[in-house]
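Only heavy atoms go into these numbers, but all of them, side chains included; no hydrogens, no water, no symmetry mates. Naming convention: chains lettered A, B, ... in sequence-line order (proteins, then strands); numbering from 1 in each chain. Just so it is clear, the model here is predicted, and its values are computed rather than measured.
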Number of protein chains: 2
Amino acid sequence: MSVLPNRDRQAERREATRREIVEAAWEIARAEGLSSVTLREVAARVGMRSPSLYTHFASKNAIYDAMFGEAWSEFLQVTLERTASLPKAPRVALLAMSETFFDFAVADLARFQLMNQRVIPDFQPSPESYAPSVATLERLREVLDRLGVDQPEAVDLYVSLVGGLVDSQLANDPGGDRWRRLLPRAMDMFADHLGLPGPPLRSTQRST
Amino acid sequence: MSVLPNRDRQAERREATRREIVEAAWEIARAEGLSSVTLREVAARVGMRSPSLYTHFASKNAIYDAMFGEAWSEFLQVTLERTASLPKAPRVALLAMSETFFDFAVADLARFQLMNQRVIPDFQPSPESYAPSVATLERLREVLDRLGVDQPEAVDLYVSLVGGLVDSQLANDPGGDRWRRLLPRAMDMFADHLGLPGPPLRSTQRST
DNA sequence: GTCTATAAAAGGATAGAC
DNA sequence: GTCTATCCTTTTATAGAC
């Protein structure tokens, strides 16, 4: 019957409600597009009226902000797990990482747009929500460096290369694998360029 | 004083008004974002009231459709001009093309989003507006083939590579050139991968 | 071809009762 | 913490006069 446990339970309940709201917003974003998220529909999905959302979020953009932070936190976690133990061979490791990133990005267009593109004109992530994205890139640099990708420009090139394949996949063949199948070739190209050791991931093939 | 000249003038005037409307929509899209285009503001910019727009376009999405078609037509024209006479050396030609594409894409975020990303949830381009994008890719395949990039997968890789650099530039360094500077390196990497002849575009540099 | 008037809906956000 | 009530704005689109 002490006070603190009650406070804890209240805080937990509050946090759970916040999560419910954000999850409802994700559902709408996935189904109807990021810009189609409305407070009314979010509220309806959690069994509330829209004004009640203001108890938990200061504005609609605050919900987008929570979504942004959550998405990058998830990606950071995926990154940390995937990079905790990588294959020794640099090329194999590069491919494993790329496939992880690719699959995460391609699994959810709305999430990808919120994380990496500027779809909501007046939305700017807060420093707290931005932090996990910085941490992710930091971790990526660290791992790439250990694989022999030690030039900053090469890291930029790697990010662009994988990101470009994701983009093409989402834009031109959503749900398919036309660009995902290019990952081994792309990683070989990249590894060859940097002179990374090891046998090629795929047998070199001629055009005819 | 014949009839047909009058008809012609009317048709010209009508077409000019359509162009004015689309140009006003572009201005708003560039200034406030693609999804912030509203009929009221478009109308205001051309000195009309919003209902009058329906004389020229059946719906708001019809305006987006005209914008989409116009953007790809411009890009097709830029592509045709740039590829009409290319440097003989494959690597130099690749770089020249990439720089043209990159600069066109990076010059206008709203245009890039409308052309290549799915920012407006319920917008689907009409076949007529989609046509110039098909023609552009066709022309690209043709030119790349002549440069020695004759595998379909290599074309996909090229498109992703340049597109990824554009994406990174727009997302992480808008207005800058951090990723544009990587174009020569990226083209060398790509050319090396395909065994294209010619000296590298940039001197090979070590990491230390 | 453009206007006024207006529909009809939906949007984000606030005030104040409970 | 959630509600009702409501504000005020904005949105796309239509009807009908001129």
Considering only distance and modelled atom types, tabulate donor-acceptor pairs under 3.5 Å from the side chains of residues 18-26 of chain B, sequence neighbours left out.
| from | atom 1 | to | atom 2 | distance (Å) |
| --- | --- | --- | --- | --- |
| B/R18 | NH1 | B/H56 | O | 3.0 |
| B/E23 | OE2 | B/R30 | NH2 | 2.9 |
| B/W26 | NE1 | B/E70 | OE2 | 3.1 |

Indicate every side-chain donor-acceptor pair of residues 36-43 of chain A with a distance under 3.5 Å to a residue at least two apart or in another chain.
| from | atom 1 | to | atom 2 | distance (Å) |
| --- | --- | --- | --- | --- |
| A/S36 | OG | A/E32 | O | 3.0 |
| A/T38 | OG1 | A/E41 | N | 3.2 |
| A/E41 | OE2 | A/R45 | NH2 | 3.3 |

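Here ring-ring contact (aromatic ring centres under 6.0 Å, His included) pairs that include residues 154-182 of chain A, with residues two or more places apart or in two chains, are A/Y158-A/F190. Contacts classified as salt bridge (Lys or Arg N to Asp or Glu O under 4.0 Å) and involving residues 110-123 of chain B (residues at least two apart or in different chains) are given here: B/E74-B/R111.
Atom CD in B/Q10 sits roughly 10 Å away from atom C1' in C/dG1 (whole-Å rounding). Regarding B/M48, its CE atom lies at a distance of 4 Å from the P atom of C/dT2, rounded to whole Å. Distance A/I63 CD1 to C/dG12 C1': 11 Å, rounded to the nearest Å. The CG-C1' distance, from B/L53 to C/dG1, rounds to 12 Å in whole Å. We find that CZ of B/R49 is positioned 8 Å from C1' of C/dC3, with the value rounded to whole Å. Atoms CZ (B/F57) and C1' (C/dT2) sit 16 Å apart, rounded to a whole Å.
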Query raised in the report: Taking it one step at a time, do A/E12 and A/R9 satisfy salt bridge (Lys or Arg N to Asp or Glu O under 4.0 Å)?
Result: CA-CA 5 Å; A/E12 267 175 38; A/R9 210 175 293 164; over 6 Å; no
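Between B/F123 and B/Y64, the two ring planes are tilted [angle within 30° to 60°].
Here B/E142 pairs with B/R139 in a salt bridge; the nearest charged N to carboxylate O distance falls below 4.0 Å.
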Report, one pair per line, the protein and nucleotides 10-13 of chain D atoms (nitrogen or oxygen only) whose separation is under 3.5 Å.
| from | atom 1 | to | atom 2 | distance (Å) |
| --- | --- | --- | --- | --- |
| D/dT12 | OP1 | B/K60 | NZ | 2.7 |
| D/dT12 | OP2 | B/L39 | N | 3.1 |
| D/dA13 | OP2 | B/Y54 | OH | 2.9 |
| D/dA13 | OP2 | B/K60 | N | 3.0 |
| D/dA13 | O5' | B/Y54 | OH | 3.0 |

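Residues from residues 14-25 of chain A with heavy atoms under 4.0 angstrom of DNA chain D, sorted by number: A/R14.
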